[in-house]
Amino acid sequence: MWRRMRTSRRLRTALGRSMAAYLRFVWRSSRVVMEPADLYDLAEVQLPMILTFWHGQHFLTPFLVKPHHKAKVMISRSKDADVNAVAAEALGIGTIRGSGAQGRSFHQKGGLNATMEMIRSLEEGCNVAMTADVPKISRVAGLGVITIAKHSGRPIYPVAIATRHRILARSWDRAAIHLPFGKAAVVAGDGVRVAPDAGPEELEAARRELQRQLEVATARAEELVGRRARGKEPVAHHG
């Protein structure tokens with residue numbers, strides 16, 4: 001199946017559209033609570049913003065975007081990620097293709113171009129979204145989103161979404177496969193701003209604060225759907 005997906009754009013497109021339809025069903029069938037309760041009122045005065053979240057915990061984030069908001073999300077250039085890109089576009093979210101890879105791979109995987117496009121989008125009044133993790137290292141915030149905040153002057157807002165019913169995939173990021181007909185929680189952090197003249201120490205401090213806020217938001221979202229933190233969770237677990 002995965003080999004066919006890598007070679008068939010038609011199949012990747014069909015899977016992406018099916019994913020979008022399924023996620024829409026999950027969202028509409030869930031009882032959603034938000035914290036803070038006036039999240040949208042607080043966010044409206046901060047637009048455009050940089051929305052960030054842990055890899056594998058991001059599938060429902062398109063539903064946070066209101067009809068009058070413009071938004072784009074950074075998605076890897078890999079063929080596997082085409083499914084996510086098709087799903088995002090089917091849900092009304094623009095895509096910026098590139099990777100947060102580090103070192104020499106940063107240029108090879110379109111990281112520089114994607115970063116510059118994210119900054120340009122913010123300058124044009126469009127919100128942007130991206131995962132916070134260091135590539136292939138789950139739940140460790142990297143400097144990619146911090147760099148975009150520094151050069152754009154826009155605030156970073158970390159967000160966590162949890163659902164009461166889910167399956168955890170057997171993947172490096174333990175991606176959450178959300179299931180319908182349950183409670184869902186959206187929790188946002190206080191936000192992180194990065195000064196345009198921030199040096200290495202200030203950038204690292206911002207990265208640590210982003211890490212802290214994402215951890216707090218994730219724990220709170222899990223608590224709101226009735227799941228207490230118990231360390232590492234087993235995969236293929238119905239929550």
Side-chain angles (χ1 to χ4, degrees), residues 34-36 38-39 41-58 61 64 71-76 96 98-107 109-123 125-162 172-174 185-223 229 231-232:
M34 292 192 176
E35 194 171 281
D38 57 347
L39 177 60
D41 292 335
L42 294 172
E44 201 70 32
V45 298
Q46 301 292 336
L47 303 180
M49 67 170 60
I50 305 164
L51 193 70
T52 194
F53 31 77
W54 291 134
H55 204 284
Q57 307 300 312
H58 58 285
T61 53
L64 302 182
K72 294 181 180 180
V73 61
M74 183 189 288
I75 297 177
S76 166
I96 295 173
S99 172
Q102 304 178 90
R104 297 168 73 178
S105 295
F106 181 73
H107 298 279
K109 296 185 178 181
L112 179 60
N113 288 341
T115 296
M116 296 304 297
E117 189 173 348
M118 295 278 273
I119 293 169
R120 281 195 299 270
S121 296
L122 288 162
E123 290 173 347
C126 181
N127 301 290
V128 301
M130 64 184 293
T131 55
D133 316 61
V134 173
K136 299 299 181 181
I137 303 178
S138 178
R139 304 206 178 184
V140 176
L143 286 171
V145 64
I146 303 297
T147 301
I148 292 172
K150 171 181 175 175
H151 292 290
S152 67
R154 303 311 305 158
I156 303 168
Y157 278 93
V159 66
I161 301 179
W172 68 270
D173 57 359
R174 292 183 297 133
V186 179
V187 179
D190 295 330
V192 178
R193 284 189 176 269
V194 184
D197 60 348
E201 290 185 2
E202 291 86 358
L203 294 176
E204 174 59 20
R207 187 202 68 78
R208 288 197 302 268
E209 175 60 14
L210 176 60
Q211 175 86 30
R212 185 193 70 80
Q213 290 193 28
L214 276 167
E215 289 174 351
V216 170
T218 299
R220 179 57 177 159
E222 294 289 307
E223 182 180 22
K232 188 173 181 179

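Quantities reported herein were computed from a predicted structural model and do not represent experimental measurements.
Using a 4.5 Å heavy-atom cutoff, the side chains of Met34 and Leu64 are in contact. Within the 4.5 Å cutoff, side-chain heavy atoms of Ile148 are placed close to those of Met130.
Closest non-hydrogen pair, Met74 versus Ala114, comes out as CE-CB, 3.8 Å. Ala185 and Ala221 get closest at one heavy-atom pair: CB-O, 3.7 Å. Counting all heavy atoms, side chain and backbone alike, Ile96 lies closest to Ser121 at CD1-OG, 3.9 Å. Counting all heavy atoms, side chain and backbone alike, Leu122 lies closest to Met49 at CD2-O, 3.6 Å. Taking each heavy atom of Leu143 and Leu203 in turn, the nearest pair found is CD2-O, 3.8 Å. For the pair His151 and Ile119, the tightest heavy-atom approach, listed with the atom from each and the gap, is CB-CD1, 3.6 Å.
To the nearest 0.5 Å, atom CG of residue Asp133 and atom CH2 of residue Trp172 are 5.0 Å apart. Summarising the geometry, atom CD belonging to Glu222 is positioned 12.0 Å from atom CD1 belonging to Ile161; distances are rounded to the nearest 0.5 Å. Between the CD1 atom of Ile146 and the CZ atom of Arg208 there is a distance of 11.0 Å, given to the nearest 0.5 Å. How far NZ of Lys150 is from OG1 of Thr147: 7.5 Å, rounded to the nearest 0.5 Å. For the atom pair Thr115 OG1 and Arg120 CZ, the distance stands at 10.5 Å (nearest 0.5 Å).
Remark: side-chain polar atoms of Arg154 are not paired, donor with acceptor, to backbone N or O of Ile50 under 3.5 angstrom. With Gln213 contributing its side chain and Gly191 its backbone, the two residues share a donor-acceptor pair below 3.5 Å.
Using a 4.0 Å cut-off between charged side-chain N and carboxylate O, Glu204 and Arg207 make a salt bridge. Taking 4.0 Å as the cut-off between side-chain N and carboxylate O, Glu223 and Arg220 count as a salt-bridged pair.
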Practice task
Show the numbers, then the answer: is there a salt bridge (charged side-chain N to carboxylate O under 4.0 Å, His left out) between Glu215 and Arg212?
Solution key: CA-CA 5 Å; Glu215 289 174 351; Arg212 185 193 70 80; over 6 Å; no
Exercise for the section: Start with the C-alpha gap between Arg139 and Thr218, add the side-chain angles, then the distance that decides, and say whether side-chain contact (heavy atoms from CB on, under 4.5 Å) holds. Expected result: CA-CA 10 Å; Arg139 304 206 178 184; Thr218 299; 3.6 Å; yes
Handout entry: CA sep, side-chain torsions, deciding dist, call: Leu51, Asn127, side-chain contact (heavy atoms from CB on, under 4.5 Å)
Key = CA-CA 8 Å; Leu51 193 70; Asn127 301 290; over 6 Å; no
Exercise for the section: Output, in order, the C-alpha distance, side-chain angles, deciding distance and verdict of side-chain contact (heavy atoms from CB on, under 4.5 Å) for Thr61 and Val73. Expected result: CA-CA 10 Å; Thr61 53; Val73 61; over 6 Å; no
Problem - Worked check of side-chain contact (heavy atoms from CB on, under 4.5 Å) between Arg193 and Gln46 - result: CA-CA 11 Å; Arg193 284 189 176 269; Gln46 301 292 336; 3.0 Å; yes
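Using the six-membered ring where Trp is involved, Phe53 and His58 have ring planes that are parallel, under 30° apart on the 30 and 60° scheme.
Residue Pro158 is tested with Leu214, Val145, Val187 for a side-chain contact (heavy atoms from CB on, under 4.5 Å); the sole match is Leu214.
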